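Read the numbers this way: they start at 1 and go in the same order the structure lists the ligands and their atoms. Since the model is a prediction, treat every value here as computed from it, not as a measurement.
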Amino acid sequence: MNKKESLLQKIKDGEAKIGIVGMGYVGLPLAVAFAEAGYHVLGVDVSAAKVAALNAGHSYVEDVADAVLAPLVGDGRLQASTDYGILAEADVISICVPTPLRKTKDPDISYIIDAADKIAQVGASGKLVVLESTTYPGTTEEIILPRLLANGEKVGEDFFLAFSPERIDPGRTDYTVWTTPKVIGGMTAACLETAVALYSVVVEKPVPVSSTAAAEMVKLLENTFRAVNIGLVNEVALMCDKLGLNVWEVVEAAATKPYGFMKFTPGPGVGGHCIPLDPHYLSWKLKTVNYTARFIELAAEVNSHMPDYVVGKVADALNTERKAINGSRVLILGVAYKPNVGDVRESPALDVIHLLRDRGAEVSYCDPYVADLTAEGLAMQSVDLTDEALRGADCVVVVTNHAAFDWNQVAAQAPLVVDTRNAVPDEGNGRFDLRPEAATQRRRVWRL
Ligand code: SAJ
């Protein structure tokens with residue numbers, strides 16, 4: 001039996017040991033899926049705290065409950081370590097490490113390189129290695145393959161290498177690991193065959209493609225598609241403002257088109273660990289072949305301008321009350337990057353807070369998912385959403401429309417609202433009045 005047949009047999013018999021490098025919001029759900037399918041999972045993470053929590057059956061990932069994790073740890077089907085050495089006994093290794101951007105907007109693949117180097121030290125012989133981290137086309141072949149080949153073995157015969165983009169969406173409940181189709185590209189046909197066999201254990205629909213680079217490009221298209229369309233709808237919001245139109249009415253009506261349209265909504269900017277970052281991996285790669293990815297650059301320009309635009313709206317709204325931003329009390333509702341999660345990474349709320357503070361505003365925030373805000377030089381604590389807190393603000397700014405907020409309370413108590421998410425009930429705010437004086441007309445709720 002050759003190494004491929006041996007690996008396929010172990011996967012088929014449920015005997016394959018599954019190594020997962022990076023036990024974060026991607027790696028942990030994947031580890032749980034394999035453990036629940038009866039496989040022995042070896043999780044590796046650089047964080048001793050995360051490893052200790054996992055081995056105590058405690059989850060730090062919102063989508064993985066202790067009640068699900070603890071029994072798997074108790075049965076010995078899932079164990080974690082900071083030592084890559086445990087991967088010596090793994091038959092499969094899935095790399096789920098972060099791929100952030102540097103301050104220069106260039107890709108930071110140092111986590112991928114570190115994982116590949118450590119796997120090479122353990123030895124890839126007989127193993128299937130799969131990269132899941134979102135990265136530019138060519139990473140698997142140019143960065144990982146040479147490090148694993150260092151042992152003088154042949155890919156597709158002695159070890160197997162594939163790329164399969166993660167599609168874990170924190171907070172989503174309508175799709176699971178099992179029901180989310182998974183794109184897979186292999187370095188060789190044998191690599192693809194082993195990777196499809198592996199993921200078929202935990203994914204209903206594996207989607208094979210022709211190469212690792214094709215699979216890397218698929219993921220970047222998915223998230224660039226979102227970034228560009230969010231940029232488009234944000235620019236439509238600016239256009240509607242110039243034309244005195246209600247962008248929310250326009251988008252809702254366009255969304256009635258049953259085909260050929262996909263609804264996106266304007267907002268205060270684009271946050272999270274995917275959409276603001278992933279497209280820059282693609283535009284960076286294209287620069288290396290002397291091509292400018294114009295849509296990506298333009299979308300980033302529009303989206304990153306939105307916090308400034310929101311603060312301009314706050315200034316306009318306060319101005320109609322004959323107030324300046326300087327010295328005004330501004331209450332931000334929601335600082336997480338999207339509704340109903342507690343993640344503040346790249347959240348536009350951070351920019352809005354800094355911009356308001358730079359102009360002399362006294363800023364506070366309320367976010368039931370974020371008790372303490374300590375990102376990007378901020379050190380704030382969430383206030384409770386009380387009538388007093390609302391009435392005490394000169395302006396309330398809706399940045400993240402968590403379902404937990406009582407929007408009728410906001411509408412009733414806040415003296416002035418800048419609503420970037422169309423969350424506050426309407427009050428006929430005379431938005432469609434094109435007369436020049438309309439700009440100074442007093443209204444309580446200002447929308448994007
Ligand atoms: N946003 C808008 N308008 C929109 C949609 C999003 O302003 O119409 C903003 C959000 O407020 C947020 C940012 O863009 O700040 C990103 O939002 P997102 O809905 O894209 O959420 P993410 O960043 O969690 O994206 C993830 C991605 N999942 C994976 O990469 C596996 C993305 O591919 C998913 O499509 C997305 O979740 C999703 O649909 O929820």
Novice: Which residue owns the protein heavy atom closest to atom 30 (O) of ligand 1, what's the atom, and how far is it?
Specialist: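 For atom 30 (O) of ligand 1, the nearest protein heavy atom is Lys219 NZ, 2.7 Å.
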Novice: Any idea which of Ile168, Thr400, Val233, Val26 brings a heavy atom closest to atom 31 (C) of ligand 1?
Specialist: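 Considering heavy atoms of Ile168, Thr400, Val233, Val26, the nearest to atom 31 (C) of ligand 1 sits in Ile168.
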Novice: Which protein non-hydrogen atom lies closest to atom 19 (O) of ligand 1, naming both residue and atom, and how far is it?
Specialist: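 Ranking protein heavy atoms by distance from atom 19 (O) of ligand 1, first comes Arg226 NH2, 2.9 Å.
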Novice: Quick one: does Lys338 get a heavy atom under 4.0 Å from ligand 1?
Specialist: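 Flag set, Lys338 near ligand 1.
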Novice: With a cut-off of 4.0 Å, which atoms of ligand 1 are near a heavy atom of Arg167?
Specialist: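 Listed by number with element: 31 (C).
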Novice: Quick one: sort the Trp284 and Tyr136 rings into parallel, tilted or perpendicular, breaks at 30° and 60°.
Specialist: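 Because their plane-to-plane angle lies in the 30° to 60° range, the rings of Trp284 and Tyr136 count as tilted.
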Novice: Answer yes when Lys287 and Glu297 have at least one side-chain N-carboxylate O distance shorter than 4.0 Å, and no when they do not.
Specialist: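 Result for this pair is yes, salt bridge flagged.
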Novice: Measure the acute angle between the ring planes of Phe405 and Trp407, then classify it against the limits of 30° and 60° as parallel, tilted or perpendicular.
Specialist: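 Perpendicular: the ring planes of Phe405 and Trp407 meet at over 60°.
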Novice: Would Glu216 and Thr140 count as a side-chain hydrogen bond (donor to acceptor under 3.5 Å, both in side chains) if you check the C-alpha gap in whole Å, the side-chain angles of each, and the deciding distance to 0.1 Å?
Specialist: CA-CA 8 Å; Glu216 288 159 340; Thr140 303; 2.6 Å; yes
Novice: Relative to Tyr199, does Lys182 satisfy both conditions: NZ or CZ under 6.0 angstrom from the six-membered ring centre, and within 45 degrees of the ring's axis?
Specialist: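 The answer is yes; both the distance and angle limits are met.
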Novice: Please list the nearest protein heavy atom to atom 6 (C) of ligand 1 with its residue and the distance rounded to 0.1 Å.
Specialist: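 Closest protein heavy atom to atom 6 (C) of ligand 1: Ile230 CD1, 3.5 Å.
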Novice: In terms of side-chain geometry, is the basic nitrogen of Asp174 or Arg172 positioned less than 4.0 Å from the acidic oxygen of its partner?
Specialist: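 Looking at Arg172 together with Asp174, the answer is yes, because their closest N to O distance falls below 4.0 Å.
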Novice: Identify the protein heavy atom lying closest to atom 32 (C) of ligand 1, giving its residue, its atom name and the separation to 0.1 Å.
Specialist: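 So the nearest neighbour among protein heavy atoms is Asn223 OD1, 3.6 Å.
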Novice: So which heavy atom in the protein is nearest atom 10 (C) of ligand 1, and how far is it from that ligand atom?
Specialist: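 Looking only at protein heavy atoms, the one closest to atom 10 (C) of ligand 1 is Tyr337 O, 3.8 Å.
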Novice: Using 30° and 60° as the class boundaries, would you call the ring planes of Tyr337 and His273 parallel, tilted or perpendicular?
Specialist: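 Rings of Tyr337 and His273: perpendicular, over 60°.
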Novice: Please tell me if the side chains of Ile18 and Ser94 come closer than 4.5 Å, counting only heavy atoms from C-beta onward.
Specialist: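 The answer is no; the side chains never approach within 4.5 Å.
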Novice: For atom 16 (C) of ligand 1, which protein heavy atom lies nearest, and how many Å away is it?
Specialist: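 Nearest neighbour among protein heavy atoms for atom 16 (C) of ligand 1, to 0.1 Å: Gly271 O, 3.5 Å.
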Novice: Please report which non-hydrogen protein atom sits nearest to atom 8 (O) of ligand 1, along with the residue it belongs to and the distance in Å to one decimal place.
Specialist: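 So the nearest neighbour among protein heavy atoms is Thr265 N, 2.8 Å.
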Novice: In this structure, does ligand 1 have an atom that sits under 4.0 Å from one of the heavy atoms of Arg421?
Specialist: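 A heavy atom of Arg421 does come that close to ligand 1.
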Novice: Side chain, backbone, both or neither: which part of Lys263 comes within less than 4.0 Å of ligand 1 when only heavy atoms are counted?
Specialist: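 It is neither; nothing of Lys263 touches ligand 1.
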Novice: Could you tell me the residue and atom name of the protein heavy atom closest to atom 26 (C) of ligand 1, and the distance to it rounded to 0.1 Å?
Specialist: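 Result for atom 26 (C) of ligand 1: Asp169 OD1, 3.5 Å.
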Novice: Any side-chain heavy atom of Val311 sitting closer than 4.5 Å to one from Ile325?
Specialist: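 A side-chain contact exists here, since the closest heavy-atom pair is under 4.5 Å.
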Novice: With heavy-atom distances below 4.0 Å as the criterion, list the atoms of ligand 1 near Arg172.
Specialist: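 Those qualifying, in numeric order: 38 (C), 39 (O), 40 (O).
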Novice: Just checking His40 against Phe34, ring centres under 6.0 Å apart?
Specialist: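 Ring-ring flag for His40/Phe34: false, centres at least 6.0 Å apart.
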Novice: List every atom of ligand 1 that sits less than 4.0 Å from any heavy atom of Glu166, numbering the atoms from 1 in the order shown and giving each element.
Specialist: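 In order of number, 31 (C).
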Novice: Looking at Cys274, which atoms of ligand 1 are within less than 4.0 Å of one of its heavy atoms?
Specialist: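 Ligand 1 atoms under the 4.0 Å threshold to Cys274: 30 (O).
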